[in-house]
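Comments concern the structure below.
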Amino acid sequence: MSHGDFEKQLERQPLRPVPANWRAEILKASNTAPPSETDGPVLIRFVGPLWRELFVPCRGIWAALAAAWLVILVLNLPGGGKSTRLAVKASPPNRQVQEVLREQKEMLAQFIEPLMPSPAIRPKTPGPRGDLPQTVTVV
Amino acid sequence: MFAFLLNFTRHEADTRDILQELFVKLARHPTLLEGVREERAFLIRLAHNLAIDTLRRRATREKNYERLAADRAAFFAPSADPDEQAFRETLAEALGQLPADQRAVLHLKLWEGLTFEQIAAALEISPNTAASRYRYGSDKLRERLRPLYEEIK
């Protein structure tokens, strides 16, 4: 048997037609299918799949993250306002306080002073020649 | 499309599901066919991909992939001539024993009349691969059907 004859014999075999009721059922299903959102505007076409891939699989995590941000926001908003108000309300320290502060500053200076080398005690080291006093003799 | 899917899946219910899925997909995404040069090849590719997905799901579900292709599905129209009928039944059975990729190429070449280039475009393979799959498949069919073919000839 030649290859060509055999192929022709196969090609001649009639295929079974589509069952009669399928066409109507499939077309009905296609007609009732809701249009996809990916056929909408360009923005939706790109954001839609991204939304489905990133957000939908881990909705709980995103919701928790959003809640955490909300808590942070709520905690921070009144705190910031309060500190501003306190700063506005605070009056300049009175005279007694100023006196006490000045005394404390002096005491601190006394404590620190012995630790710091005095410029008088600092050993005198010879500087560079350029530092030597130059005497200009006018003739 | 119906015959191609039935030959590929060897399962009538799956064929119906795939056809419906294909048409629903086209109805939901009417833009899919925009700018497509070879609509027929494009539709065959869509159907082929859906059929592969279905076969994989079925294989996972039934855990017996090898047996799937041998499922008896009435693929050819019935014949009043007993010899012809026997030939068609044996041909359908022999097709079922071929690997799915060879079966797909054979079907598209013999019963859809596509060229190897068109088959290659539809199945996303090279024309050489399409030709070799066809050759292997038709050789197996010829071996299997030789006695019956000689009789009806």
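This one's a predicted model, so the numbers in the text were calculated from it and none came from an experiment. A note on names: the letters A, B, ... follow the listed sequences, proteins ahead of strands, and every chain is numbered from 1.
Comparing B:L19, B:N7, B:L106, B:L22 by how many heavy-atom pairs each has under 4.5 Å with chain A, the most go to B:L19. Ranked by heavy-atom pairs under 4.5 Å with chain A, the list B:E21, B:R88, B:M1 is led by B:R88. The choice from A:L15, A:L10, A:V18 that makes the most heavy-atom pairs within less than 4.5 Å of chain B is A:L15.
For chain A, the nearby part of B:L91 is the side chain; its heavy atoms alone come within less than 4.5 Å. In this structure, the portions of B:T15 lying under 4.5 Å from any heavy atom of chain A include both its backbone and its side chain.
Atom NZ of B:K25 and atom CG of B:L46 lie 5.5 Å apart (nearest 0.5 Å). Note: B:H48 NE2 to B:F8 CZ = 3.5 Å, rounded to the nearest 0.5 Å.
Between the side chain of B:R10 and the main chain of B:A92, a donor-acceptor pair closer than 3.5 Å is present.
The environment of A:I61 atom CD1 is sparse: at most 12 non-hydrogen atoms of other residues, nucleotides or ligands sit within 6.0 angstrom. For B:F23, the CZ atom counts as loosely surrounded, since its 6.0 Å shell holds 12 or fewer non-hydrogen atoms of other residues, nucleotides or ligands.
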